[in-house]
Amino acid sequence: MSIGLTRLREEPDRVRQGAIDKGEEAAIVDRALELDGRRRQLLAEGDALRAERNSASRRIGEAVREGARPDGPEVAALKRASSEAGARIAALDGELATVGAELDELLLRIPNPADPDVPVGGEEANEVVRTWGDRLRREEPTWTRRPHWEVAERLGMLDLERGAKITGSGFPVYRGHGAALQRALIDWFLAVHTGENGMTEIWPPAVVNAASARGTGQIPDKEELMYVVPRDDLYLVPTAEVPVTNLHRDEIFEAGSLPVRYAAYTPCFRREAGAAGKETRGILRVHQFDKVEMVLFEQPADSRAALEWLTERGEILLRRLGLAYRVLLLATREMGFVQARKYDLEVWAPGVERWLEVSSCSDFGDYQARRMAIRYRPEPGAKPVLVHTLNGSGLALPRTVAAILESYQQADGSLVVPEVLRPYLGTARIEPPA
RNA sequence: GGAGAGGUCGCCUAGUGGCCUAGGGCGCCGCACUGGAAAUGCGGUAUGGGGCAACCCAUCGGGGGUUCAAAUCCCCCCCUCUCCGCCA
């Protein structure tokens, strides 16, 4: 990810303030401006020298064609001029490489400024935009709700122990109705997205190359987050965002072709190094999980409205599942480096009595698109401009499953199946094995 | 995995060190001709960077090298196709 040089030059104050709001040093902005000036100067000098060298070489060709001796004095003089320019170019290129490297490194540290109305601060500044549904209580009048892992183990839907045996902790095994529930959710989510939401379904590779990992910023920003296959220089995807956004890397959308909206299911692999303990009981935080992700490519002017629409696509799923949830507008230091605006969807899990993040919907502005060179031609024949990219979960499965298990469990130990999933599961109620 | 053939402008293609500052065709855009169109003719049709501009620079799958000069020669890598092997 990086900030655009044009934007840096045109609104340095906004960029500087944006960096401060996200907890970065403002001084890097000024240093970057300085280096940018030096770089442009070097480029101009280098280009002039290249022009000189090119014309000298061209004249050698012409002279030889017109009968000059290739080893004669005229040609020798031209050769000398050309070599000399070449030597100076090499020197300038050396300095340019140094300046460019420092500049690139600085640019990587300048965050995408948040939208003006995003609250400034950390977690305490997050804003609850809206809440839907009634929160169930753990303590019912005549019984107590169990946490999801107990519900699931008792119903034979989940086997964490054997998952740990065959792979490691954080790799859950779903079985029976538990496995079917995974499949049902994925299928239903995609049906909604490709149907009423008009998205195109993508079924991408779950493993990507280094260029793709770099495109969405997993390298170098979040390299420790990913599982790596070093022998083949490949990376297991931490989210479908990576392969799906990279679909259009180095491409130009022709006029009239936007928006392009995708929905994609992939398994997601995250190392989650250092995350262990009570907060991660059950399937709240695992190394492999399933997720349907929505990825949008929009015209710049449309991205803000598209984010509201995108967030609503996630909310609709929760409402139809009958799960209480809230929408958070994340504050500047919570939203991350690359987002201009970000909403989190949190579902209520009555068994553990916690809000669980099941979706994160972000507008990246042109920040991602710049790194991947994804552009759009506003009019036929016009100069391409960077597109705006957005993505949002719709939805991540494990915590959605946890909320379903905890919300729909019954006093007798059975589980009522949410109505929208009954056609997929073929039953309205799951009973404990006899 | 082995052998061979390829990767050039949106698409097809020419191109074996300097008239390549990449030619031609198709498609597309504009203009002319037409009542309107077809056909035809003329012109234009990549991306990024720099410059007020004329214009300049970079890019022929990617990277490195040889040379005054590389689409062209050399090395490494990637991808596609054909055949063989293996295989859910």
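When reading the values below, keep in mind they use all heavy atoms of this one structure, side chains included, and skip hydrogens, waters and symmetry mates.
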### Step-by-step ring pair (Phe, Tyr, Trp, His ring centres under 6.0 Å) determination, A/Y235 to A/Y227
CA-CA 6 Å; A/Y235 300 79; A/Y227 287 97; over 10 Å; no
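Across all strands shown, the partner of B/A46 is B/U59, judged by Watson-Crick or G-U wobble contacts whose two distances both fall under 3.5 Å. Under the Watson-Crick or G-U wobble criterion, with both distances below 3.5 Å, B/G23 is paired with B/U13. Base pairing analysis places B/C86 opposite nothing; no Watson-Crick or G-U wobble pair with both distances below 3.5 Å involves it. Summarising the base pairing, B/U67 is matched to no nucleotide, lacking a Watson-Crick or G-U wobble pair whose two defining distances lie under 3.5 Å. Across all strands shown, B/U40 is found opposite B/A32 as a Watson-Crick or G-U wobble partner, with both distances under 3.5 Å. The base-pairing partner of B/G6, taking Watson-Crick or G-U wobble contacts with both distances under 3.5 Å, is B/C79. Nucleotide B/A53 forms no Watson-Crick or G-U wobble pair with any nucleotide shown, as no partner meets the under 3.5 Å limit on both distances.
Summary of the strand contacts: A/R9 and A/S82 both lie near RNA chain B, and taking for each the nucleotide with the nearest heavy atom, the more 5' one is attributed to A/R9. Positionally, the nearest nucleotide of RNA chain B for A/G61 lies more toward the 5' end than for the other of A/G61 and A/R80.
For A/E25, the CD atom counts as loosely surrounded, since its 6.0 Å shell holds 12 or fewer non-hydrogen atoms of other residues, nucleotides or ligands.
Donor-acceptor pairing under 3.5 Å is recorded for the side chains of A/Q17 and A/D21. Side-chain atoms of A/E308 and A/Y343 include a donor-acceptor pair closer than 3.5 Å. Judged purely by distance below 3.5 Å, without hydrogens or angles, the side chains of A/N209 and A/S212 pair a donor atom with an acceptor atom. Neither side chain, A/R53 nor A/S82, offers a donor N or O lying under 3.5 Å from an acceptor on the other.
Across all strands shown, A/R377 has heavy atoms under 4.0 Å from sugar-phosphate atoms exclusively, and none from any base. When heavy atoms are screened at a 4.0 angstrom cut-off, A/I60 is found touching base atoms of the nucleic acid. Residue contacts shown for A/A51 are limited to sugar-phosphate atoms, with no base heavy atom under 4.0 Å away. A/R375 comes within contact range of the sugar-phosphate backbone alone, with a heavy-atom separation under 4.0 Å but no base atom that close.
Distance check on atom C1': B/C79 versus B/U8 gives 16 Å, rounded to whole Å. Taking atom P on both nucleotides, B/G17 is separated from B/G85 by 40 Å, rounded to a whole Å. Rounded to whole Å, the C1' atom of B/C68 lies 28 Å from the corresponding atom of B/A54. Spacing between B/G4 and B/C55 at atom C1', rounded to whole Å, works out to 47 Å. Comparing the same atom, P, in B/C75 and in B/G27 gives a spacing of 41 Å after rounding to whole Å. Between B/G50 and B/G2, the distance separating the two P atoms is 45 Å to the nearest Å. Spacing of C1' atoms, B/G10 relative to B/G44, comes out at 15 Å, to the nearest Å. Taking the C1' atom of each, B/C42 and B/C20 are spaced 25 Å apart, rounded to whole Å.
For A/N391 (side chain) and A/M294 (main-chain N/O), no donor-acceptor pair under 3.5 Å exists by modelled atom type.
Bracketed by its first and final contacts, the part of RNA chain B lying under 4.0 Å from non-hydrogen atoms of chain A reaches from B/G18 to B/A69 in 5' to 3' order.
Evaluation of the side chain to side chain donor-acceptor pair (under 3.5 Å) test over residues 254-268 of chain A, restricted to residues two or more places apart or in two chains, returns A/H248-A/Y262, A/E254-A/R377, A/R261-A/E298, A/Y265-A/D290.
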